[in-house]
Amino acid sequence: MRIGIGYDVHKLTEERKLILGGVEIEHSLGLLGHSDADVLLHAIMDALLGAAAFGDIGMHFPDTDGKYRGISSLKLLAQVGRLLEEGGYYVENIDAVIVAQKPKLRPYIEKMEENIAQTLKIPKDQVNVKATTEEGLGFTGAQEGISAQAVCMLGRFFENSAAVQEGACKTCPGHCRDF
């Protein structure tokens, strides 16, 4: 069992879409960033990568690489999912929180959870997303930006696991390749 934590923040700006958890949210401001600037998915990806000791999203998807300009963070999350699978990991659960003064996010959270679960090919009940404000304090309270934090737990397929015995772990490094 491995645990990871992730954090991300992006500045709010005009003339950008606000996308959180792969959901486009009606708002007068959006998040500034190289990709779609989805702080929720960025925090989740860093948590997942960290739990597996696979670095961070900046290492895998650098903002200096033009192929990631404007890319959907759901596509990046899918790639992180593939990296985990290749490493023999599976997601036990994800718990995340978005910190934003506005807009109210409750109506969008179920769709965010569905997007994350579908992208990572895990049951929806293994993903939990919450939203909170900072009661007008700090940069999020002043509506200058939005942040997100995430924690996750990963498991790993082992030699004697049913998945390995059935051949589901062929891409995992090390001894599992021999099965």
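- Using a 4.5 Å heavy-atom threshold, the side chains of L105 and P107 count as separate.
- In terms of modelled atom types and a separation under 3.5 Å, the side chain of N93 and the main chain of Q126 share no donor-acceptor contact.
- Residues I98 and M112 form a side-chain contact, since some pair of their non-hydrogen atoms from C-beta on lies under 4.5 Å apart.
- V99 and I44 sit in two unconnected hydrophobic clusters of ILVMFWY residues. Membership requires side-chain heavy atoms under 4.5 Å apart, directly or through other members.
- In this structure, the side chain of Q101 engages the main chain of G136 through a donor-acceptor pair within 3.5 Å.
- Residues Y7, F139 make up the rest of the hydrophobic cluster containing V9, defined by ILVMFWY side-chain heavy atoms closer than 4.5 Å, directly or through other members.
- Within the 3.5 Å criterion, the main-chain N or O of L154 finds no donor-acceptor partner in the side chain of R2.
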Name each donor-acceptor pair under 3.5 Å that joins a side chain in residues 59-70 to protein atoms two or more places apart or in another chain, with its distance.
{"residue": "H60", "atom": "NE2", "partner": "F54", "partner atom": "O", "Å": "2.6"}
{"residue": "D65", "atom": "OD1", "partner": "K67", "partner atom": "N", "Å": "3.0"}

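- Take Q118 and apply the side chain to side chain donor-acceptor pair (under 3.5 Å) test, not counting sequence neighbours, and it matches no residue.
- Under a hydrophobic-cluster definition in which Ile, Leu, Val, Met, Phe, Trp and Tyr are linked whenever side-chain heavy atoms come within less than 4.5 Å, directly or via other members, L120 and L74 are assigned to the same cluster.
- Enclosure of atom NZ in K130 by more than 12 non-hydrogen atoms of other residues, nucleotides or ligands within 6.0 angstrom is indicated.
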**Request:** Please test T13 against L29 for side-chain contact (heavy atoms from CB on, under 4.5 Å), starting from the C-alpha separation and ending with a verdict.
**Result:** CA-CA 5 Å; T13 189; L29 301 172; 5.9 Å; no
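- Atom CD1 of I94 and atom CG of L48 lie 4.5 Å apart (nearest 0.5 Å).
- By the side chain to side chain donor-acceptor pair (under 3.5 Å) test, N128 is found to be paired with D95, residues two or more places apart in sequence or in another chain being considered.
- The backbone N or O of D56 sits nowhere less than 3.5 Å from a side-chain atom of D46 that would complete a donor-acceptor pair.
- Remark: H10 pairs with H42 by the ring-ring contact (aromatic ring centres under 6.0 Å, His included) rule, at least two apart or across chains.
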**Request:** For side-chain contact (heavy atoms from CB on, under 4.5 Å), just list the numbers for L31 and L18, CA-CA rounded to whole Å, side-chain angles, deciding distance to a tenth of an Å, and then say yes or no.
**Result:** CA-CA 6 Å; L31 293 171; L18 178 58; 3.8 Å; yes
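- Counted within 6.0 Å of NZ on K124, heavy atoms from surrounding residues, nucleotides or ligands total more than 12; the atom is thus considered enclosed.
- Counting heavy atoms from C-beta outward, E135 and T140 have side chains that stay 4.5 Å or more apart.
- Residues meeting the side chain to side chain donor-acceptor pair (under 3.5 Å) test with E144, sequence neighbours left out: none.
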